[in-house]
Amino acid sequence: MMLKTILGMVLYIVFAPFVGGLLAGLDRKITARMQGRIGPPILQPFYDVRKLINKDILLINNMQYLFAWCFVIFVVFTGALFYGGFNILLVFFVLTTAAMFFVLEATTTNSPYSVMGANREMIQMLSYEPMVLLTAVGFYVATAFTTGTGAGTFSVASIISESNIPNIVVLPGVFFGFAFILTIKFRKSPFDLSMSHHAHQEMVKGITTELSGGMMALIEVSHWYENVFLLGVVALFVLCNKWWSIPLAILVCAITYFVEILVDNTSARVKWENMFKHSWIITLIFGVVNIFILQMLS
Amino acid sequence: MAKLAKSPWLIHYDGSSCNGCDIEVLACLTPVYDVERFGVINTGDPKHADIFLITGGINSQNKAVVEQIYSQMPDPKVVCAVGICACNGGVFKDCYNIIGGVDKVLPVDVYVPGCAARPDAIIDGVIKAVGILEEKRKKKGGKH
Ligand code: SF4
């Protein structure tokens with residue numbers, strides 16, 4: 001158990017940036033193909049980060065540096081806890097703390113665009129946070145069924161090792177809700193309000209406007225960490241104590257990621273009211289109702 | 001090894017151009033030319049940019065803006081003047097408000113001639129700018 005925990009954490013910390021970077025590269029390639037372009041090489045995100053490291057850093061104040069580092073550390077910590085098999089509630093709380101540091105980093109700069117991005121980031125958090133918490137609750141309620149013991153668990157390790165069937169079978173609504181807010185977390189259109197990877201320039205680069213050089217590289221890499229963690233949560237919906245759940249989980253992750261890219265390329269950015277309304281409605285309809293039905297059955 | 005060459009990010013500023021060159025700059029991003037093949041990103045943020053692409057000449061009003069953007073870009077950086085207007089004022093040279101080409105206020109590294117500059121010429125200019133960027137990094141002593 002102990003060994004597995006440490007192994008999970010170490011593997012995540014070492015390999016997540018590579019997986020995340022490759023995913024980002026694939027994302028850009030697929031996006032380009034969808035738009036009829038050739039697109040950059042798959043390794044482009046790594047070239048970008050190497051470039052950024054070689055540029056000067058224009059620091060606004062030292063607080064910015066501190067908060068950016070806190071963001072990175074907490075994001076890595078989130079993923080490490082998750083892949084270490086700890087309590088999923090704890091994982092999500094640490095993730096929220098990380099997001100808060102990112103907002104603080106942007107607000108300390110006092111730049112209008114950066115602050116505007118930070119405000120929008122807060123609205124994004126407000127939109128996705130209920131669903132994230134419901135996901136944790138969903139797993140607790142669902143494991144009471146899938147483990148066959150009648151007792152739920154929040155522990156990531158037990159969710160995988162004790163479930164006899166994938167939790168997605170009893171949590172289809174929660175999965176849909178989670179996939180919906182994943183668009184916000186991945187910073188994809190239509191919900192890329194606080195910062196976008198595309199050439200929208202309505203508020204420069206939003207929350208990342210004041211980041212330059214190595215700092216920007218740091219933030220990019222931590223986003224890779226974050227994406228790998230989020231795909232891990234997607235996989236958790238499928239993983240159980242059967243061997244076939246592993247290839248199935250990889251397949252589900254790939255499909256989810258592809259659909260996110262497709263949505264990204266086929267929709268335009270919406271107003272924050274829209275994002276807020278829709279994510280809460282989806283959370284209520286799919287998340288709450290799903291969990292409610294499960295509770296009734298138990 | 002080329003540390004900057006594979007990921008040149010641009011910031012595009014429209015000086016007192018007639019918009020002809022700007023349309024050609026944007027044409028570079030379309031599927032026909034697709035500069036993203038070379039890792040080029042058209043960013044709107046000077047703090048992320050490596051190459052400052054200016055179209056049109058400098059007039060008394062945009063002089064301060066151009067200088068401001070340039071000062072916000074982290075080193076190493078290059079300036080690329082696109083179109084004959086940006087090179088020396090072009091057809092607007094003798095206008096009462098025009099100061100002249102971009103090199104009147106900033107150290108221009110690459111001149112892309114043409115009226116309007118063709119997308120292939122612009123891409124050529126960017127590739128040349130990337131080479132200069134790399135040289136500047138080496139001259140700086142290269143942090144890594
Ligand atoms: S060079 Fe020609 S096309 Fe370009 S801005 Fe000047 S007048 Fe317009």
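Sequence lines set the chain letters: A, B, ... in the order given, protein chains first and strands last, and positions in each chain run from 1.
S111(A) contributes atom OG, which lies 7.0 Å from atom NZ of K47(B) (distance to the nearest 0.5 angstrom). Atoms OG and CE, from S212(A) and M73(B) in turn, are 11.5 Å apart once rounded to the nearest 0.5 Å. For the atom pair CG of D56(A) and NZ of K77(B), the computed distance is 9.0 Å after rounding to the nearest 0.5 Å. Rounding to the nearest 0.5 Å gives a distance of 13.5 Å between OH of Y33(B) and CD1 of I38(A). Within the model, atoms CD of E134(B) and NZ of K51(A) stand 11.5 Å from one another, a figure rounded to the nearest 0.5 Å.
Other residues, nucleotides and ligands place more than 12 heavy atoms under 6.0 Å from the CD atom of E273(A). Residue-environment remark: CZ (F276(A)) exceeds the threshold of 12 foreign heavy atoms within 6.0 Å. Within a 6.0 Å radius of CZ in F38(B), other residues, nucleotides and ligands contribute more than 12 heavy atoms. Residue-environment remark: OH (Y113(A)) stays at or below the threshold of 12 foreign heavy atoms within 6.0 Å.
For the residue pair N54(A) and R137(B), the shortest heavy atom distance occurs at OD1-NH1, 3.9 Å.
Within residues 99-130 of chain B, no residue approaches chain A closer than 4.5 Å by heavy atoms.
Of the possible donor and acceptor atoms, one in the side chain of Q44(A) sits under 3.5 Å from a partner among the backbone N and O of K6(B). Checking side-chain atoms of K205(A) against main-chain N and O of D45(B) turns up no donor-acceptor pair under 3.5 Å. Side-chain N or O atoms of H48(B) include one that pairs as donor or acceptor with a backbone N or O of L211(A) at under 3.5 Å. No side-chain donor-acceptor contact under 3.5 Å links D34(B) to the backbone of R37(A).
Under 4.0 Å is where a charged nitrogen must lie from a carboxylate oxygen, and between K55(A) and D75(B) no such pair does.
Listed options P74(B), A49(B), P8(B) were ranked by heavy-atom pairs under 4.5 angstrom with chain A; first place goes to P74(B). The candidate with the highest count of non-hydrogen atom pairs below 4.5 Å against chain B, out of D48(A), T208(A), L43(A), is D48(A). Heavy-atom pairs under 4.5 Å with chain B peak, among K29(A), Q35(A), R28(A), at R28(A).
When heavy atoms are compared at a cutoff of 4.5 Å, I41(B) approaches chain A solely by way of its side chain, counted from C-beta outward.
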